[in-house]
Amino acid sequence: MIESKFTHVKVNNEIELCEVYDKETKEMIKKAFFGAGVSFFIKFQKGFACKEGRYVICVNSSQKSIAKAAIFQKVEEAKDKINFFDGSYSVKGRSSSLKGTIIPESTFG
């Protein structure tokens with residue numbers, strides 16, 4: 001196999017931007033990203049018996065500011081429903097005791 005100069009280049013620039021705990025907010029974020037042209041993927045982690053679970057939304061690190069701006073423009077009550085991993089806003093009363101199951105959902109624009 002012939003190696004190119006890009007064989008050993010790491011291109012994984014995705015970061016975990018935020019987490020949400022309900023499907024409606026996740027869908028609003030997806031629509032906001034579609035409108036803004038943000039590439040993203042969503043990891044789902046199952047909750048325990050009485051908890052729904054959480055959605056971890058990942059974006060390319062170069063699109064972080066665009067993604068956050070799209071969320072704040074399109075998602076009502078973003079401060080109350082979304083926990084940004086950079087510490088911008090945190091959701092009160094949420095527990096992170098989740099199972100290790102991750103189901104990726106991706107869209108690259």
Side-chain angles (χ1 to χ4, degrees):
M1 183 173 155
I2 300 173
E3 290 186 7
S4 72
K5 65 180 180 180
F6 298 110
T7 302
H8 300 287
V9 175
K10 184 178 178 185
V11 294
N12 185 5
N13 296 324
E14 291 81 23
I15 60 166
E16 292 182 343
L17 178 68
C18 61
E19 64 184 356
V20 297
Y21 293 90
D22 62 287
K23 290 180 184 179
E24 295 80 22
T25 305
K26 176 195 71 137
E27 291 300 319
M28 286 191 282
I29 291 172
K30 283 174 59 175
K31 288 178 184 176
F33 286 172
F34 288 143
V38 174
S39 296
F40 68 96
F41 70 93
I42 300 173
K43 297 186 282 187
F44 177 73
Q45 293 182 328
K46 269 188 174 175
F48 288 111
C50 63
K51 299 204 186 259
E52 182 179 330
R54 77 177 180 150
Y55 300 93
V56 178
I57 298 163
C58 304
V59 298
N60 188 294
S61 60
S62 66
Q63 292 184 313
K64 179 181 175 182
S65 59
I66 296 168
K68 284 183 81 169
I71 289 172
F72 288 127
Q73 288 177 351
K74 300 289 182 182
V75 181
E76 295 178 18
E77 303 171 5
K79 294 179 185 179
D80 298 331
K81 296 182 178 184
I82 301 170
N83 181 26
F84 287 94
F85 290 116
D86 65 0
S88 299
Y89 300 102
S90 56
V91 179
K92 295 171 180 63
R94 297 290 189 189
S95 172
S96 63
S97 55
L98 301 170
K99 291 182 181 178
T101 305
I102 297 177
I103 303 168
E105 179 180 328
S106 64
T107 303
F108 294 99

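Atoms considered below: every heavy atom in the structure, side chains included; atoms not considered: hydrogens, waters and symmetry mates. Keep in mind it's a predicted model, so treat the numbers as computed, not measured. Index from 1, following the sequence.
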- Task: For Lys26 and Tyr55, work out which heavy atoms get closest and say how close.
- Result: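 Shortest heavy-atom contact: CD-CD2, 3.4 Å.
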- Query: Do you know which two heavy atoms are closest between Ala70 and Ala32, and how far apart they sit?
  - Reply: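 Of all heavy-atom pairs spanning Ala70 and Ala32, the closest is O-CB, 3.6 Å.
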- Would you mind reporting whether Ile82 and Ile29 have side-chain heavy atoms less than 4.5 Å apart?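 Yes, side chains in contact.
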- Under 4.5 Å between any side-chain heavy atoms of Leu17 and Ile71, yes or no? yes
Roughly how far, to the nearest 0.5 Å, is the [atom2] atom of [Y] from the [atom1] atom of [X]?
X     : Y     : atom1 : atom2 : result
Phe41 : Glu16 : CZ    : CD    : 7.5 Å
Lys81 : Met28 : NZ    : CE    : 4.5 Å
Lys43 : Glu19 : NZ    : CD    : 10.5 Å
Glu27 : Asp22 : CD    : CG    : 10.5 Å

- Would Lys74 and Phe33 satisfy side chain to side chain contact (heavy atoms under 4.5 Å, CB included), going step by step from the backbone distance to the final call? CA-CA 9 Å; Lys74 300 289 182 182; Phe33 286 172; over 6 Å; no
- Taking the side chain from Gln45 and the backbone from Val56, do they hold a donor-acceptor pair closer than 3.5 Å?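 It does not hold such a pair.
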- Under 3.5 Å: donor-acceptor pair, side chain of Ser61, backbone of Ile15: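 No; zero donor-acceptor contacts below 3.5 Å.
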- Message: Holding to salt bridge (Lys or Arg N to Asp or Glu O under 4.0 Å), I want the full list of residues that pass it with Lys64, two or more places apart in sequence or in another chain.
- Response: Asp86
